[in-house]
K.L.:
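Just passing along the structure, written as structure tokens.
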Number of protein chains: 2
Amino acid sequence: MGILRKTKSVKILLEEFDKKSSAISAITLVERLASELNKTTVYRVLDKLEEDKVLHSFLGKNGHKWYAKCNGCSVSGHQDSHPHFQCSDCGKVDCLSTDVLIPKIPNRKVDVSQVLLQGKCEECYV
Amino acid sequence: MGILRKTKSVKILLEEFDKKSSAISAITLVERLASELNKTTVYRVLDKLEEDKVLHSFLGKNGHKWYAKCNGCSVSGHQDSHPHFQCSDCGKVDCLSTDVLIPKIPNRKVDVSQVLLQGKCEECYV
DNA sequence: TTATATTTGCAACTCAGTTGCATTAGTATT
DNA sequence: AATACTAATGCAACTGAGTTGCAAATATAA
Ligand SMILES: [Mn+2]
Ligand SMILES: [Mn+2]
Ligand SMILES: [Zn+2]
Ligand SMILES: [Zn+2]
């Protein structure tokens with residue numbers, strides 16, 4: 001059922017995602033907000049913001065959870081199947097708008113695709 | 001430095017991968033072999049078999065570790081950047097030989113790509 | 001202002017994976 | 001075949017991301 005009330009926790013978390021457009025790991029949010037919010041609350045609010053399609057989540061290269069703002073998404077149409085890029089130098093993670101075409105796989109029906117690219121980001125790329 | 005000795009543990013683990021060609025999660029191996037091998041040993045031998053390019057690893061949809069036999073890989077040329085497919089029905093995970101083409105990403109240098117597809121496998125696909 | 005349900009904090013838990021260390025067992029040498 | 005050497009193993013304890021149950025706090029509607 002998602003977010004029902006505009007609580008302090010919701011506002012604090014949304015502010016973090018307004019500050020910059022790149023993705024933020026749950027771990028980072030928990031430690032960055034440790035003085036204001038409880039760990040459990042952070043995880044629970046992130047969950048609900050995802051249900052509400054305000055954020056979307058994916059797994060980074062260690063299998064840890066990352067969240068990013070949904071861009072072209074509404075409740076009617078949710079577009080979270082884009083690739084993500086994690087910089088091996090600075091660790092920054094971004095949503096990519098470039099489409100990765102998944103070819104037809106023989107004898108299989110593909111429903112979901114997760115693409116995580118790694119390399120150097122714009123700032124770290126000499 | 002990888003595997004140096006042909007121990008009982010190495011043989012037991014390699015047998016599991018000879019039985020069938022699909023990938024096996026570390027969790028499954030730990031519990032399946034619990035009566036013969038210690039959990040720590042399973043993880044350590046898997047690590048070394050990967051160093052030796054006998055196996056390769058990747059993360060499944062929950063961020064848990066999976067291993068599969070390397071097919072066209074030698075020590076000189078290791079090809080582990082193929083896509084993987086996890087069946088949402090039966091849970092089976094396979095290496096795919098179909099190539100997923102990663103387009104050029106503006107201002108970024110892509111070194112590694114992880115592609116995990118989910119859907120129905122050949123047996124579960126009606 | 002009161003009533004009600006949602007949200008929060010806390011502490012304890014889960015579980016995949018790791019680490020330190022003493023013991024065991026491959027392997028090469030005699 | 002016995003010895004010495006070192007890698008590999010088992011065990012127990014640990015780590016850390018994420019979860020759960022429950023009582024207290026707080027947003028919202030009446
Ligand atoms: Mn994204
Ligand atoms: Mn594979
Ligand atoms: Zn970078
Ligand atoms: Zn299946």
Side-chain angles (χ1 to χ4, degrees), chain A residues 1-17 23-68 84 86 91-93 114 116, chain B residues 1-17 23-68 84 86 91-93 114 116:
Chain A
M1 66 182 57
I3 297 280
L4 301 178
R5 298 182 180 182
K6 291 274 163 58
T7 63
K8 188 189 110 196
S9 316
V10 171
K11 283 172 204 151
I12 290 176
L13 272 164
L14 287 180
E15 263 173 40
E16 292 300 313
F17 287 93
I24 317 178
S25 72
I27 298 169
T28 301
L29 288 167
V30 165
E31 71 181 37
R32 185 186 294 170
L33 303 174
S35 60
E36 306 172 77
L37 295 181
N38 182 271
K39 172 172 77 157
T40 310
T41 305
V42 172
Y43 279 107
R44 281 194 282 225
V45 172
L46 288 172
D47 257 11
K48 293 202 170 179
L49 287 170
E50 184 170 22
E51 278 180 58
D52 282 358
K53 318 285 189 199
V54 175
L55 301 178
H56 63 279
S57 76
F58 55 94
L59 301 181
K61 67 165 160 348
N62 302 310
H64 295 161
K65 218 160 186 191
W66 287 74
Y67 286 86
H84 293 99
Q86 183 156 26
K92 195 175 73 171
V93 176
Q114 289 176 31
L116 179 67
Chain B
M1 66 183 61
I3 297 281
L4 300 177
R5 299 182 179 181
K6 292 273 162 56
T7 63
K8 188 188 109 196
S9 316
V10 171
K11 284 171 203 153
I12 289 176
L13 271 164
L14 286 180
E15 262 172 42
E16 292 300 312
F17 287 94
I24 317 178
S25 72
I27 297 169
T28 301
L29 288 167
V30 166
E31 70 181 35
R32 186 186 294 171
L33 303 174
S35 60
E36 306 172 78
L37 296 181
N38 182 271
K39 172 172 77 159
T40 310
T41 305
V42 172
Y43 280 107
R44 282 194 282 224
V45 172
L46 288 172
D47 257 11
K48 295 202 167 178
L49 288 170
E50 185 170 22
E51 278 181 56
D52 281 0
K53 318 285 190 199
V54 175
L55 301 178
H56 64 278
S57 76
F58 55 94
L59 302 182
K61 66 164 159 351
N62 302 310
H64 295 162
K65 218 159 187 193
W66 288 73
Y67 286 87
H84 293 99
Q86 184 156 24
K92 196 175 70 172
V93 176
Q114 288 176 32
L116 180 66

K.L.:
Between protein and nucleotides 9-19 of chain D, map the contacts as a letter string: B base, S sugar-phosphate only, - none, heavy atoms under 4.0 Å, written 5' to 3'.
P.N.:
BBBB----SBB

K.L.:
Can you measure A:Lys48 atom NZ to D:dA27 atom P for me and round it to whole angstrom units?
P.N.:
14 Å

K.L.:
Applying side-chain contact (heavy atoms from CB on, under 4.5 Å), can you list everything that pairs with B:Leu59, at least two apart in sequence or on another chain?
P.N.:
B:Lys65

K.L.:
Please set out all donor-acceptor pairs under 3.5 angstrom arising from side-chain atoms of residues 34-47 of chain B, sequence neighbours excluded.
P.N.:
unit_1: B:Asn38; atom_1: OD1; unit_2: B:Thr40; atom_2: N; d: 2.8
unit_1: B:Asn38; atom_1: OD1; unit_2: B:Thr40; atom_2: OG1; d: 3.0

K.L.:
With sequence neighbours excluded, tell me which residues meet side-chain contact (heavy atoms from CB on, under 4.5 Å) with A:Gln86.
P.N.:
A:Lys61, A:Trp66, A:Val93, A:Leu116, A:Gln118

K.L.:
If we fit an axis to the first five pairs and another to the last five of the helix from C:dT1-D:dA30 to C:dT30-D:dA1, what angle do they make, to the nearest 10°?
P.N.:
30°

K.L.:
When rounded to the nearest 0.5 angstrom, what distance separates CD1 in B:Ile27 from CG in B:Asn62?
P.N.:
8.0 Å

K.L.:
Closest approach of A:Ala68 and A:Phe58, non-hydrogen atoms and distance?
P.N.:
CB-CE2, 4.4 Å

K.L.:
How many Å lie between CG on B:Leu46 and P on D:dA8, as a whole number?
P.N.:
14 Å

K.L.:
In chain order, what residues pass the salt bridge (charged side-chain N to carboxylate O under 4.0 Å, His left out) check against A:Arg5, with sequence neighbours excluded?
P.N.:
none

K.L.:
Tell me the interatomic distance from B:Asn62, atom CG, to C:dC15, atom P, rounded to whole angstroms.
P.N.:
13 Å

K.L.:
Whole-Å distance between D:dT26 C1' and A:Leu4 CG?
P.N.:
14 Å

K.L.:
State, to 0.1 Å, how close A:Tyr67 and A:Ser57 come at their nearest heavy-atom pair, and which atoms those are.
P.N.:
CE2-CB, 3.5 Å

K.L.:
At what distance, to the nearest 0.5 angstrom, does CG of B:Leu29 lie from CD of B:Glu16?
P.N.:
6.5 Å

